[in-house]
Structure formats: structure tokens, C-alpha cells
Amino acid sequence: MATERTQVGIIGSGPSGLFLSQLLHLNGIDNVVLERRSREYVLGRVRAGVLEQGTVNLMREAGVQARMEREGLPHDGFNIALDGELHRMDLKARVGGSVMIYGQTELTRDLMDARTEAGGRLLYEAEGVGIEGLEDDRAILRYRHDGADHTLECDFIAGCDGYYGPSRQAIPKDVLREYERIYPFGWMGLLSATRPIAEELVYARHPRGFALCSMRSQTRSRYYVQCSKDDRVEEWSDDRFWDELRSRLPGDLAATLETGPSIEKGIAPLRSYVAEPLRYKRLFLAGDAGHIVPPTGAKGLNLAASDIHYLSRAMIAWYHENNAALLDSYSDNCLRRIWKAERFSWWMTNLLHTFPDTNPFEHRMRDAELDYLFSSEAMMTAVAENYIGLPY
Ligand code: RFL
Ligand code: PHB
């Protein structure tokens, strides 16, 4: 069995794992990334599309901003559609900020390419990753790769392995606290090679259910409709999807919808989830491994980026200055921001979706909340402040 050594062992090559690997590398900290899937599989997953300013800054810090700056679409606002009308949330005017439309797939590719060019150790199709020795002087990662068993000794392990990965399970049950809300619906998403319906994103509230019009570029559209939690993709033909989307948008906007064959289609469940603490001894959880938000506020990828902002700084302070203070405050620092993003995502989800068991009073409460939102400068400013991302 081959035994190797590194400073930081990273599980998962999603945005959290890749950002961390690249930032540590740029600061002279040795690391290895173990990923269960193939490189192609990871790159094929269509997910997030909206980057907060903090995530854009992290791309720059990681030195992988060139393509994003060429191809990304800065957006100064977004729209909420209700009762046949569009209400614009002006991010620039209210809080002087904007977001960047740039797909998670592209961000992942940019980071992967940078790691590969720099000769980084990224091991794809690493099987059976197991965590040991968290209480000892060195933590150990065991895995199988290319038909052989391997052992990797590390100072620290970064659990960047998403909601279903093994890292969180390595925290003893009497230490881990979990908070969860599962929503009684999912999102059916479709990517098509068509012109986006509008220049900015449109979040639509409609009695038939929520809908979202997003994009990846001027020629790639990404649309979502709220669906039943038990629906299967096979039940959603492209035609059914387009009809449903059209029916949930204001009529004059729906009339301009350009449709085409789907390039990708998938159903995502909606969940709010937070694990506390995000550190156990030599293990640090980051991104979806530690928390999940429903996608309505576009916060998941951005929270992964802010976790890595804190974790990379903490590890750099430890290796460069022998200072453990930021490692010790990592979990608290992240959680303060995470809970606020959880609140915003939960709030937007409640506001814009149709719930199967809403009573008439709750209905009126939601109508009043929307009416208040569209008529109050203060409320629109608060929404804009949250949407562009709270400060780190
Ligand atoms: P990831 O991307 O899930 O990566 C985890 C990686 O760990 C690997 N892994 C393992 N590797 C080794 N051994 C094991 N045993 C392993 N188990 C798992 C996995 O294969 C994977 O490669 O987590 P990360 O890096 O924390 O990144 C989080 C983001 O991917 C996620 O929060 C966002 O995609 C959420 N999200 C959105 N976030 C936004 O900020 N803005 C958006 O607009 C947005 N839209 C979305 C979204 C997520 C969606 N879905 C499908 C859940 C839209 C959708 C539809
Ligand atoms: C996306 O483009 O995939 C997207 C945009 C905004 C969201 C969620 C997903 O809130």
C-alpha cells in the first residue's frame, strides 16, 4: 500500500474543493484533491449561474478570472413577476452592487484547468475515501485509485464533498447538531440553446407554481419550474415544460419565449440544512458538506466561496504565521454568514412558491408581504443587499 503525505487533504472537486486547492497552492501550501467522480462527470453537472461580488473577487484572487471577465454577464438588477407585471429590483441603484452571470460549470472548468496546468494533484475516480485519525497528530485519508489502495497523511482534511459525502459523517453524533427544512416541491430545470427571454433574470410567482428564467449567455437559456417533489424527469417532455413555463409568466413576456430542444434537464429537491459546528479537530467542512440552501436566492455556490475565503485565510495564517486563531474561529465566522443566507433563501422560497397546504390567512400574509416589498424602498433595499451578497 502506497503512503503519501500532504499538508491539506481535500475531499471533493466541486467549487469548494477546487477554490481551496488553488488558493492554498498560490500560497505555497501542498494539497491533494480526491474526487469520487470522473472529471467529465463533474464538468457535466449543470448547477448555479449567479455569482456574488465576493465570488467574483475570489475568482480574481485564485487567478482564474480571465474568461469570466470576457464571457460573464454583469447584471445590475433582476425582476419579480406577479399578476402579469414585472417588478424590477435595481441592485445598482439601491446598494451600488451587481451580480455576475457565469455558470458553475465554467467556473469549475477554469479552476480545474488552472490546477492541472500548475501540476496540482487532483485524483479523479478515487473510491471509498475514508477518514481516520482526526484526534491524532496526523489525519489519514484512505482511498482506492487505479486499482491500488492508498494512504494519505495530512495535517488537515477539508471536507468539500457536498451534501452526500463522507466528511460530515466523520463528526461524532454527540458533537454534530443538524437543522433542516425539506420543502414539499422540487425544481425542474431545462437548459436550451435559445436566446434568453429577458435581459435580466425573472423570478415568477404564479398560482400554478414558481418559475425562473435565467441564462448562461446570450445564446443559452436556463429555465426552472416548480414541480412536485415526486415528479420524474421522464414525465416532463420538452413541450410540457415550455407550456408550463409560458403559463406562469406574464402574457406579453410569455409571447416572446423562444423555445428549442433541451440540452439538459433535471429535477432538484429543495432543502434548507445547516450542520454545526463546521470543524471537528483536524476536519473542516466547507460548502454543501456543511449546509444546503434552496436555490431561490442563488446562494449555494456563493456560500461555498465564502467558506473557502475564511478557510484559506485560516490555513495560510497557520502555515505562514503559526497562528491558529482563524482556524479556531472558522466555524463561527462561517456560520454567522451562512445563517443569514439561509434566512434569505428560505424567505424568497416561501414568498415565491405555491405551497400545497397554505391556508387563506397565510395566503393573504404572502400577498401583503409582496405588496409591501414592491411599495417600500427600505424593503427593496434589504432584498438587494441580500441578493448581491452580505459582506464577508
Ligand atoms: P459540490 O459541487 O456538490 O461538490 C462536491 C464534490 O464532492 C464529491 N464527492 C466525493 N469525492 C470523493 N469521495 C467521496 N466519497 C465523495 N462524495 C462526494 C462530489 O462528486 C462533488 O464533485 O459541492 P461544493 O463544492 O460545496 O459546491 C456547492 C455548489 O455546487 C452548490 O451549492 C450550488 O450548485 C447550489 N446552486 C446554486 N448556487 C448558487 O450560488 N447560485 C445558483 O444560482 C445556484 N443554482 C444550485 C443552483 C444547485 C442546484 N442543484 C442541482 C442542487 C441550481 C440547482 C438546480
Ligand atoms: C441559474 O441560473 O441556474 C439560477 C439562477 C438564479 C437562481 C437559481 C439558479 O436563484
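In this chain, residues are counted from 1 in sequence order. We use all heavy atoms of the structure for the numbers below, so side chains are in, but hydrogens, waters and symmetry mates are not. Every number for a ligand or one of its atoms is a count from 1 in the order of the listing.
Nearest-residue assignment for atom 40 (O) of ligand 1 (options L43, L51, L301; heavy-atom criterion): L301.
Contact atoms of ligand 2 toward A298: 6 (C), 7 (C), 10 (O) (distance under 4.0 Å to a heavy atom of the residue). Distances below 4.0 Å separate heavy atoms of L34 from the following atoms of ligand 1: 11 (N), 12 (C). For ligand 1, the atoms lying closer than 4.0 Å to a non-hydrogen atom of V50 are 41 (N), 43 (O). Those atoms of ligand 1 that come under 4.0 Å of a heavy atom in G14, given as number and element, are 2 (O), 4 (O), 6 (C), 22 (O), 25 (O). Below 4.0 Å from some heavy atom of R45 lie the following atoms of ligand 1, by number and element: 19 (C), 20 (O), 21 (C), 22 (O).
In terms of polar-atom proximity, R216 is counted as a contact of ligand 2, with an N or O under 3.5 Å from an N or O of the ligand. Considering backbone and side-chain atoms together, A298 places an N or O closer than 3.5 Å to an N or O of ligand 1. Close N/O approach between P15 and ligand 1 is found [any backbone or side-chain N/O within under 3.5 Å]. The N/O atoms of R47, backbone and side chain alike, include one that comes under 3.5 Å of an N/O atom in ligand 1. Between P295 and ligand 2, a contact under 3.5 Å exists for at least one N or O pair.
Outside the 6.0 Å centre-distance limit, the rings of H353 and Y183 are not counted as a close aromatic pair.
In this structure, Y102 does not count as a contact residue of ligand 2, since none of its heavy atoms falls inside 4.0 Å of the ligand. For Y224, the heavy-atom gap to ligand 1 drops under 4.0 angstrom. The shortest separation from a heavy atom of M348 to ligand 2 is not under 4.0 Å, leaving the residue out of contact.
Considering only non-hydrogen protein atoms, atom 24 (P) of ligand 1 sits nearest to S16 OG, 3.1 Å. The protein heavy atom nearest to atom 3 (O) of ligand 2 is Y224 OH, 2.6 Å. Of the protein's heavy atoms, Q104 OE1, 3.5 Å lies nearest to atom 33 (C) of ligand 1.
Salt-bridge annotation for E385 and R94: absent, with no side-chain N of the basic residue lying under 4.0 Å from a carboxylate O of the acidic one.
R138 pairs in a salt bridge (Lys or Arg N to Asp or Glu O under 4.0 Å) with only one of the listed residues (E4, E132, E153), which is E153.
Inter-residue side-chain proximity for F156 and N31 is flagged as unmet; no heavy-atom pair is nearer than 4.5 Å.
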